[in-house]
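Step one of this worksheet: look at the structure below.
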Amino acid sequence: MTDCQPVLHLENRSGLSDDIAVLRARYPRSAWSGHRNYGELAAFWRSVHDGLRREGAALADLTAAFRAGQLEPGLFQRRFMPQLAHHLRHLEGHHRIEDDQYFPRFRRLDRRFARGFDVLENDHDVIHDEVLRVADSGRALLHELSRHPDARQRAAERYADDAECLLHLLDRHLFDEEDLVIPAMLEHGERPLIG
Ligand SMILES: [Fe+2]
Ligand SMILES: [Fe+2]
């Protein structure tokens with residue numbers, strides 16, 4: 001794991017500074033999709049991020065409905081684990097491709113990107129730990145579904161807390177990553193990033 005200054009650490013961050021997001025000021029978010037270099041990779045990258053946000057929000061809604069008594073345990077059980085497993089697999093797979101394939105290519109494009117991609121790789125480690133915690137508390141919740149309602153509620157509460165933490169970290173990470181990768185694609189074009 002890369003060492004980051006505490007202020008850059010995902011849990012403490014409210015965004016990236018301009019000296020890390022070095023191209024952000026030149027390419028404001030509102031103008032991204034109209035830029036001549038905005039291509040399929042940028043659009044795909046953002047659509048994957050939107051998908052991850054939607055999956056996390058859908059799981060939060062499902063869990064909230066269950067905790068409020070609006071979903072009976074059998075129905076919750078049938079929906080919950082497939083949705084959770086898909087979301088966590090999708091998230092981990094996305095980060096693996098970024099770490100193994102794309103981030104090294106961004107680093108080669110411009111030496112000034114190094115600090116930003118150090119931060120993002122560190123985020124992936126933090127998020128991976130949280131994914132493991134959410135998978136554990138999700139399994140514990142399933143285990144408690146057939147038990148006493150009090151134990152069930154406690155397990156649902158623990159899972160919801162862990163999942164909320166993951167979603168919060170993920171939202172921050174996705175937004176900051178977009179501030180690095182999309183301006184880099186607009187500056188350099190997508191060709192050097194496609195292996
Ligand atoms: Fe990422
Ligand atoms: Fe990403």
Side-chain angles (χ1 to χ4, degrees), residues 1-24 27-29 32-33 35 37-60 83-110 112-135 162-195:
M1 182 190 286
T2 310
D3 270 344
C4 276
Q5 297 163 29
V7 72
L8 297 180
H9 203 270
L10 185 56
E11 286 103 331
N12 305 328
R13 215 164 65 217
S14 57
L16 296 175
S17 55
D18 288 343
D19 62 326
I20 293 180
V22 289
L23 296 174
R24 181 177 53 193
Y27 301 100
R29 193 170 280 252
W32 284 353
S33 59
H35 191 278
N37 279 346
Y38 187 86
E40 285 181 15
L41 183 61
F44 178 69
W45 204 292
R46 294 176 79 191
S47 78
V48 170
H49 283 191
D50 286 343
L52 291 168
R53 291 178 178 108
R54 271 197 306 276
E55 290 165 15
L59 274 159
Q83 265 184 248
L84 178 63
H86 171 78
H87 176 56
L88 299 184
R89 260 200 318 270
H90 188 194
L91 174 55
E92 295 271 80
H94 176 61
H95 285 179
R96 201 170 310 121
I97 291 169
E98 289 177 339
D99 285 335
D100 294 349
Q101 296 185 31
Y102 285 104
F103 287 1
R105 294 175 192 160
F106 279 105
R107 287 176 183 279
R108 285 196 290 271
L109 278 180
D110 190 326
R112 292 175 304 163
F113 293 165
R115 282 179 69 206
F117 285 92
D118 286 348
V119 170
L120 295 180
E121 283 176 6
N122 191 70
D123 289 355
H124 288 182
D125 290 337
V126 172
I127 289 171
H128 176 69
D129 289 346
E130 201 57 38
V131 162
L132 297 181
R133 200 185 331 272
V134 167
D162 289 343
E164 188 183 333
C165 179
L166 174 61
L167 200 52
H168 171 75
L169 296 173
L170 186 59
D171 274 343
R172 179 76 268 151
H173 170 72
L174 297 176
F175 192 89
D176 290 348
E177 184 177 289
E178 290 164 4
D179 273 348
L180 294 180
V181 302
I182 307 296
M185 290 181 201
L186 300 183
E187 174 87 1
H188 295 277
E190 297 183 354
R191 199 182 298 262
L193 296 163
I194 299 167

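Residue numbers start at 1 and run along the sequence shown. Note that this is a predicted model, so its numbers are computed, not measured. We count ligands from 1, going down the list as the structure has it; atoms in each ligand are counted the same way.
Here the Fe ion (ligand 1) has protein N, O or S atoms under 2.8 Å from it, and they come to 4.
Trp32 places a side-chain N or O within 3.5 Å of a backbone atom of Tyr27 that can act as its donor or acceptor partner. Remark: side-chain polar atoms of Glu190 are paired, donor with acceptor, to backbone N or O of Leu41 under 3.5 angstrom. In terms of modelled atom types and a separation under 3.5 Å, the side chain of Asp162 and the main chain of Val134 share no donor-acceptor contact. Judged purely by atom type and a 3.5 angstrom limit, Arg24 uses its side chain to pair as donor or acceptor with the backbone of Leu16.
When each of His188, Arg105, Arg108 is tested with Leu193 by the rule side chain to side chain contact (heavy atoms under 4.5 Å, CB included), just one qualifies, namely Arg105.
Between Asp123 and Arg13 there is a salt bridge, since a side-chain N of the basic residue sits under 4.0 Å from a carboxylate O of the acidic one.
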